[in-house]
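A quick write-up on the structure given underneath.
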2 protein chains.
Amino acid sequence: MDPHLLRTYVAVARLASFSDAARELGYTQSAVSQHVAALEADLGLPLLTRRPVAPTPAGERLLEHAGALLLRLDAARADLDRFAAAPRATLNVAASPLALHPRALAALPATGVTLRALPRDRVPAAVATGEADAGLVDGIAAPSDPLRLPDIAPLAATRVAEEPLAVVLPATHPLAGRTGVRLDDLVDARWLDAPAAGVPLGELRAVHGGPAGRGFRTALRYEGTDTRTLAALAADGHGLALLPLPAAGGVPGAAAVPLVAPRLVHRTELLLAAGARREAAGPVAEFSRRLRS
Amino acid sequence: MDPHLLRTYVAVARLASFSDAARELGYTQSAVSQHVAALEADLGLPLLTRRPVAPTPAGERLLEHAGALLLRLDAARADLDRFAAAPRATLNVAASPLALHPRALAALPATGVTLRALPRDRVPAAVATGEADAGLVDGIAAPSDPLRLPDIAPLAATRVAEEPLAVVLPATHPLAGRTGVRLDDLVDARWLDAPAAGVPLGELRAVHGGPAGRGFRTALRYEGTDTRTLAALAADGHGLALLPLPAAGGVPGAAAVPLVAPRLVHRTELLLAAGARREAAGPVAEFSRRLRS
DNA sequence: GAAATTTACGCTATTCGTAAATATC
DNA sequence: GATATTTACGAATAGCGTAAATTTC
């Protein structure tokens with residue numbers, strides 16, 4: 001189970017071709033074939049069917065392991081590399097769309113900043129592998145609870161902000177006038193699933209504690225990142241949206257009603273590779289220090 | 001960052017000796033020295049001080065990564081090995097002390113069972129690496145929330161049971177007569193820290209959502225696994241204990257008062273390596289099926 | 001029979017052990 | 001000076017590419 005072999009195997013499985021994988025990895029087809037053969041011999045299992053090239057059931061399993069494994073390996077290397085490298089002169093921030101809290105924006109250094117929007121679940125990996133120096137992620141959690149992040153690598157998470165959650169509904173909706181809604185009142189409602197722009201429904205289900213069982217049916221899926229659009233969709237009756245309260249207001253035809261039960265908040269966290277915390281100077285340290293205070 | 005090198009490095013760091021590590025791994029001292037040198041060259045960093053042998057700061061960092069990495073690697077191998085192997089004839093269960101719920105005991109097959117008690121945090125690893133065929137873990141969580149387990153490998157977790165939590169206090173305690181207590185009433189209290197026998201205070205703090213900030217001072221630490229002893233200590237005024245309600249009752253001089261706020265439960269889960277779920281027959285499948293129904 | 005994967009084979013680079021050299025307490 | 005780590009060096013091995021063989025559509 002040499003990582004090289006795993007890496008090759010993953011590439012072959014992804015591209016469904018030995019030859020294409022060889023091109024991508026800079027090997028000959030022969031070498032790729034030998035890699036896969038070695039892996040199969042090592043595990044005593046066929047991993048791929050040939051013609052067409054597709055993973056066997058055992059191969060599917062291995063893919064799950066291999067992905068995480070290679071990610072961790074890259075993360076370890078990146079983290080250790082940071083030890084040796086000089087403090088960076090620029091700051092590379094990966095952020096999920098809703099994590100760009102004013103407090104975070106205010107803490108950004110004046111120059112040398114690159115800000116990249118990434119899907120929520122790719123932010124931790126970006127920080128771990130060194131693609132980004134710092135990450136800003138959001139999610140929902142119980143008040144003052146940390147977010148549940150996948151542990152790709154030892155990352156230091158710091159609270160940046162917590163805001164109430166709000167349900168966005170059409171101004172004509174019977175609940176629109178309320179000062180607060182309970183989620184239980186809305187289990188039968190149709191929701192907008194907007195993993196990028198809004199709070200992902202899956203996460204809500206996880207935190208709220210419903211097993212796959214009840215509710216949260218999806219009416220429409222929106223794949224963009226614009227919260228105004230999302231609120232407009234909600235105003236137009238395509239389904240309910242869940243947003244941080246500050247982001248939910250001010251859309252014509254829409255009412256934002258705070259979610260009062262269960263007691264959940266929209267939380268933003270700063271993510272730093274643990275190795276990066278040693279840096280005493282530089283924009284990464286500066287950004288981190290400002291957000292911490 | 002070859003896993004072999006990492007494994008050697010970890011052994012050297014743990015044993016604080018090149019020679020001892022060589023003996024343990026079945027290499028010569030020379031080979032071990034070369035391994036460490038190769039790693040240091042690869043990363044461009046010194047990882048160990050010699051005489052005495054101890055990890056440098058960078059080495060410490062690497063240890064964190066390496067541990068998780070090697071664990072995942074072992075888990076992957078074990079998981080794939082299960083694919084090739086014939087269904088096991090015996091059932092090897094790893095369980096944290098409080099996870100031995102009657103429902104779990106009742107589901108055990110009549111013969112061929114080995115039951116091993118393990119600290120809570122080692123159960124997932126035991127299942128992942130194949131040391132155990134199945135695991136029973138407990139912890140505290142919001143009602144019908146899954147436990148937060150470290151993701152060493154893709155493990156399938158199933159709910160086995162949820163029980164109310166109870167605070168165990170001396171019968172003479174002012175709150176002893178209550179039908180329920182709120183945790184907020186007890187932040188100033190002294191607690192028994194019994195990571196093995198009771199619910200770990202750290203976990204409570206995490207779920208309840210206090211950052212390192214307030215409360216949960218420890219009066220006495222008990223490292224055994226016996227809940228009766230723990231309750232007796234609480235009865236004797238050495239501090240408060242937190243136990244699942246069923247385990248908390250019936251101790252002379254002690255009162256068990258259900259915890260009513262925050263709404264948390266003691267939860268037990270069955271852990272199965274995802275690879276093992278394919279087994280249609282055998283004691284592992286039988287055990288799993290009985291607990292699922 | 002064309003396209004793709006596997007196998008054969010030779011070259012090179014790596015890895016490990018023996019043994020000598022060197023460093024540290 | 002004894003103990004422990006490093007270095008030098010040779011033998012075995014593993015890994016890759018070229019090219020021929022084989023498989024499959």
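Chain identifiers are assigned alphabetically (A, B, ...) following the order of the sequence lines, protein sequences preceding nucleic acid strands; residue numbering begins at 1 within each chain. Predicted model, so just to flag it, every value in this text is computed and none were measured.
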Query - Interatomic distance where CD belongs to B/Glu40 and P belongs to D/dT5 [whole Å] - result: 13 Å
Query - Phosphate contact (D/dC16 OP1 or OP2) by A/Tyr27 side-chain N/O below 4.0 Å - result: yes
Report task. Tell me what B/Val32 touches on the nucleic acid: a base, only sugar-phosphate, or nothing, going by heavy atoms under 4.0 Å. Result -> nothing
**Report entry** Residue pair A/Gln34 / A/Ser30, side-chain donor-acceptor N/O under 3.5 Å
**Finding:** yes
Query - Proximal nucleotide (of D/dC16, C/dG17, C/dC25) relative to the B/Ala31 side chain - result: C/dG17
Requested in this report: Could you check how far CG of B/Leu48 sits from P of C/dT24, rounded to whole Å?
Outcome: 16 Å
Query raised in the report: Which nucleotide in the set D/dT3, D/dC16, D/dT6 lies at the smallest distance from any side-chain heavy atom of B/Ser33?
Result: D/dT6
Requested in this report: Give a yes-or-no answer on whether the side chains of B/Ser288 and B/Arg292 include a donor-acceptor pair shorter than 3.5 Å.
Outcome: yes
Requested in this report: Grab the CD-C1' distance between B/Gln34 and C/dT14 for me, whole Å please.
Outcome: 10 Å
Requested in this report: Quick one: label A/Ser19 by what it contacts on the DNA or RNA (base, sugar-phosphate, nothing), any heavy atom closer than 4.0 Å.
Outcome: sugar-phosphate
**Report entry** Under-3.5 Å donor-acceptor pair between B/Gln29 side chain and C/dG17 base
**Finding:** no
Query raised in the report: What's the CG-P distance between A/Leu25 and D/dG17, to the nearest Å?
Result: 11 Å
Report summary line: Ranking D/dT5, C/dC16, D/dT23 by distance to the side chain of B/Ser17, first place goes to D/dT5
Query raised in the report: Base, sugar-phosphate, or nothing: which does A/His4 touch, judged by heavy atoms less than 4.0 Å apart?
Result: nothing
Requested in this report: Rounded to the nearest angstrom, tell me the gap between atom CG in B/Leu15 and atom C1' in D/dA4.
Outcome: 15 Å
Report task. With DNA chain D as reference, determine whether A/Asp2 or A/Arg50 sits nearer its 5' end, using the nearest nucleotide of each. Result -> A/Asp2
Query raised in the report: Are side-chain N/O atoms of B/Asp74 and B/Thr129 paired as donor and acceptor at under 3.5 Å?
Result: no
Report task. Please report the C-alpha distance between B/Asp2 and B/Arg7 in whole Å, then the side-chain angles of each, then the deciding distance to 0.1 Å, and finally whether the salt bridge (charged side-chain N to carboxylate O under 4.0 Å, His left out) criterion is met. Result -> CA-CA 9 Å; B/Asp2 183 329; B/Arg7 200 154 252 138; over 6 Å; no
Requested in this report: Any chance you could lay out the ring-ring contact (aromatic ring centres under 6.0 Å, His included) test for A/His35 and A/Tyr27, step after step, and finish with the verdict?
Outcome: CA-CA 10 Å; A/His35 277 189; A/Tyr27 286 126; 5.2 Å; yes
**Report entry** Side chain A/Ser30 and base D/dT18 donor-acceptor under 3.5 Å
**Finding:** yes
Query - Value in whole Å for how far the P atom of D/dG15 lies from CZ of A/Arg7 - result: 16 Å
Query raised in the report: Between D/dT5, D/dG17, C/dT18, which nucleotide gets closest to the side-chain atoms of B/Arg51?
Result: D/dT5
Requested in this report: Round to a whole Å and report the spacing from CG of A/Leu39 to P of C/dT6.
Outcome: 13 Å
Requested in this report: Select one nucleotide: of D/dG17, C/dT5, C/dT18, the one nearest the side-chain heavy atoms of A/Phe18.
Outcome: C/dT5
